[in-house]
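Single-structure report; data block below.
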There are 4 protein chains.
Amino acid sequence: MGEKRNLHPLSDEQSAPVRDLAARERILATTLRVLSRVGYAKATIGGIAQEAGVGKATVYRSWPHKAALTLDAVRAQLPDIPVDDLDDSPREILAVARALAGLYGAPQVRAILPALISDAATDPELAHRLRTELVEPRRDRSATVLHRAVTRGALPADTDVLTLLDLWAGLMLFRSVVLCDPLDDRTVHSLVSAALAAPPRLP
Amino acid sequence: MGEKRNLHPLSDEQSAPVRDLAARERILATTLRVLSRVGYAKATIGGIAQEAGVGKATVYRSWPHKAALTLDAVRAQLPDIPVDDLDDSPREILAVARALAGLYGAPQVRAILPALISDAATDPELAHRLRTELVEPRRDRSATVLHRAVTRGALPADTDVLTLLDLWAGLMLFRSVVLCDPLDDRTVHSLVSAALAAPPRLP
Amino acid sequence: MGEKRNLHPLSDEQSAPVRDLAARERILATTLRVLSRVGYAKATIGGIAQEAGVGKATVYRSWPHKAALTLDAVRAQLPDIPVDDLDDSPREILAVARALAGLYGAPQVRAILPALISDAATDPELAHRLRTELVEPRRDRSATVLHRAVTRGALPADTDVLTLLDLWAGLMLFRSVVLCDPLDDRTVHSLVSAALAAPPRLP
Amino acid sequence: MGEKRNLHPLSDEQSAPVRDLAARERILATTLRVLSRVGYAKATIGGIAQEAGVGKATVYRSWPHKAALTLDAVRAQLPDIPVDDLDDSPREILAVARALAGLYGAPQVRAILPALISDAATDPELAHRLRTELVEPRRDRSATVLHRAVTRGALPADTDVLTLLDLWAGLMLFRSVVLCDPLDDRTVHSLVSAALAAPPRLP
DNA sequence: AAGTAAACGAGACGGTACGTCGTGTCTTCCG
DNA sequence: CGGAAGACACGACGTACCGTCTCGTTTACTT
């Protein structure tokens, strides 16, 4: 899985020529450090640049604004969704749900994701990257596991997998970020058993 | 009843825009206007004050920051949840779900709510007001309708009403705000019928 | 004579309202200090502002650029031309010439005037202020003395006073600033005696 | 052609290893073009390099800063002082004065010379080149003509030639650059006839 | 003729200053 | 005397150049 290879470029193509790749990595690492130290709102590009020992222009050359930089910085740090075939769909699904809960419950995500979503409201490019680079990969991997469960008969054939996943993601986002409730394992279990018992169906 | 007696009785109430409203009202109205014109990110307290014909200090006297001002301004404008007893729980529940969809699908909410949530991440006071003044009133009124359905037997006695509502709110928030998907009526219907058929249960 | 009164305003009219007059004075004083410490080229508005304990915006509110600020700062510090009637035109004229030599020979002027002239090349407003606030007042006062000499018969009636003064100023400027030659008293004496003996005549 | 042999070593002065001599010329030509288009203040080395189709380093390899580059670029463009023996000193001197007026009155000089003088205030090396490469050659040639006039008896034997020239240069510089007055031919004539009638004498 | 070292174009790099903007406080002055 | 108007200190913004540097790519001289 070549995730690691793809750390540096801003997007896949239009990336600017970069002489000192180390600078890029240093900036991303510093960004994570600064974000966790002072939070998104108080982080500044100037501050990150200075702490990374880099000119501001070097940051702006690669990222148009704080949100894009943040997105790149956190992207690789986020836990992924396990898709391993355990030959046991309930266990696999529980693992997926736990991974989602770990994601949406992570302090880093709770602190940063709302800001990214908020900035995305006025920046369609950012909104697109947020969806295609953060949300959809995880949604796809989660869906893989659920589709396998459908194939195995652990879920009905007309299970609305995407709605199920959006319900989960939404609830976790809502509870964790909006209500500031912790996502405990009981909640995760409830969601999984409810889903196995009566998942949403395609119309 | 406003504590403000009508100091300028001549103008009565046919007075067109905002000229002789109390400063507070004028500020809130201007805030809404500015927000819808330039968006949350580009709105500034100074700009709002100027447009409201008010000193900045007058704004700061009543609201500590833009988020609080925004919260007050939008609060009254948001559609509420209908709790009327129609003697028909499915119809009542559908009305609730539609109201929620209207809420989370509203352009204003999609543009502003993420910013408020984001700011709330670093301002517990704001987070608290967000929950108690925006979310919980609507959750309570929605729960009222669902509890009535339980009482009537339209939903099982051990229905987990709050989880059901959080699933709905979360899905709507996630789809509308994060995925930028529209909340169409088919989706609302699916949610309602799925809930009526197999709601989440208390553990 | 009310020179002192007129220290603060940028020009005579369009001056912005200023709350804290002390800030203005502090900025001008700091400007002089910084100029003499690091020179015109290395002085920065940000640095002056910081050293004056003032925001950059406060400086920009009153002066559009470094040159204007410098002009205001040095204006009052420059030696003036003595016009006192000594009942002895040769002595009066010598005093004028010495004052001019002191002016153009002053290290401060040698360091700053060229920069102002240079900036004035691309800023007609600055060029105008340079002429009307620095050059012409001194030229006028010098001319007063020479005209008095004409009246007294110490100079011929058709003496071209302005050309005489421009020859002096030019020579001093050229020798002191361009050639970096010192303006010694012998030179001044020569100029004065040559002028008394054979001044330039009006055509 | 022997130019090619002279790659790096025994060049004119301090050895500018230049492979492509054309580059040097192209840079100087571009410099003049840029200077006349945007002025000294807004000209940048990066911009000149780019417009000359040359790397910035290539410029820096030959000139330490904008002023030195400008000096080299304008040096060859400036009109020279005619020293031809016309067997008529008044006519020769008038030609000299006109050449000086053409020099100091040229828009290019008015725009650039103050900047060079200003930069020279903080760069002794530049100041030295300014004097030895721009001023003194012209002063020397002018002095040649005046000394010839002395030899011929058109000027007194104790004429202070250098002071006379500095008076002329200074007046022209002052009027043209500082006062923005045009140097018309009447002025030149006045200067010349006044000099012939009563030149400054050596002490 | 191939090999090698330099000078080259291009432009990324770490910096510094720019001039603007928004913040939240504080002062002036008007109605 | 309250409030609009906005000056104020502060600090981040994003841009422009600076002068240095590191890349390949010519180019001109070895061998």
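Values in this document were obtained by computation on a predicted structure and should not be read as measured data. Below, chain A is the first sequence line, B the second, and so on; all start at residue 1.
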Quiz item: Given Leu35(A) and Gln108(A), is the side chain to side chain contact (heavy atoms under 4.5 Å, CB included) satisfied, shown in steps?
Solution: CA-CA 9 Å; Leu35(A) 282 173; Gln108(A) 222 182 41; over 6 Å; no
Exercise. Evaluate the criterion side chain to side chain contact (heavy atoms under 4.5 Å, CB included) for residue pair Gln50(D) and Thr44(D); output intermediate values, then yes/no.
Key: CA-CA 10 Å; Gln50(D) 190 157 4; Thr44(D) 68; over 6 Å; no
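Distance Arg61(D) CZ to dG9(E) P: 8 Å, rounded to the nearest Å. A straight line from CD1 of Ile27(B) to P of dA5(F) spans 12 Å, rounded to a whole angstrom. Atom CG of Leu69(C) and atom C1' of dA17(E) are 15 Å apart (whole Å). Atom CH2 of Trp63(B) and atom C1' of dT25(E) are 18 Å apart (whole Å). The distance between atom NZ of Lys42(D) and atom P of dT15(F), rounded to the nearest whole Å, is 18 Å. Taking atom CG on Asp119(C) and atom C1' on dC18(E), their separation rounds to 14 Å, with Å as the unit. One interatomic measurement links the two molecules: CD1 of Ile48(B) to P of dG24(E), which rounds to 12 Å at whole-angstrom precision. The distance from atom NE2 of His65(B) to atom C1' of dG22(E) is 16 Å, rounded to the nearest whole Å.
Along DNA chain E, the nucleotide nearest to Gly53(A) and the one nearest to Ile45(B) differ in position, and the one closer to the 5' end is contacted by Gly53(A). Mapping Arg26(A) and Gly47(B) onto DNA chain E via the closest heavy atom, the residue that lands nearer the 5' end is Arg26(A). Closest-nucleotide positions on DNA chain F for Thr44(D) and Ala57(D) were compared, and the one nearer the 5' end corresponds to Thr44(D). Each of Ala49(B) and Gly46(D) was assigned the nucleotide of DNA chain F with the nearest heavy atom; the assignment lying further toward the 5' end belongs to Ala49(B).
Salt-bridge annotation for Arg129(B) and Asp123(B): absent, with no side-chain N of the basic residue lying under 4.0 Å from a carboxylate O of the acidic one.
When distances run from any side-chain atom of Tyr60(B) to the nucleotides dC26(E), dT25(E), dC18(F), the shortest one goes to dT25(E). When distances run from any side-chain atom of Val54(D) to the nucleotides dG9(E), dG14(E), dG24(E), the shortest one goes to dG9(E).
Contact annotation: side chain of Lys56(D) to base of dG19(F), donor-acceptor pair present below 3.5 Å.
The backbone N or O of Ala43(C) sits less than 3.5 Å from a side-chain atom of Lys66(C), completing a donor-acceptor pair.
Within the structure, every side-chain polar atom (N or O) of Thr58(C) is placed at least 4.0 Å from both OP1 and OP2 of dA7(F).
The number of heavy-atom neighbours closer than 6.0 Å to CD of Glu51(A), taken from other residues, nucleotides and ligands shown, is above 12.
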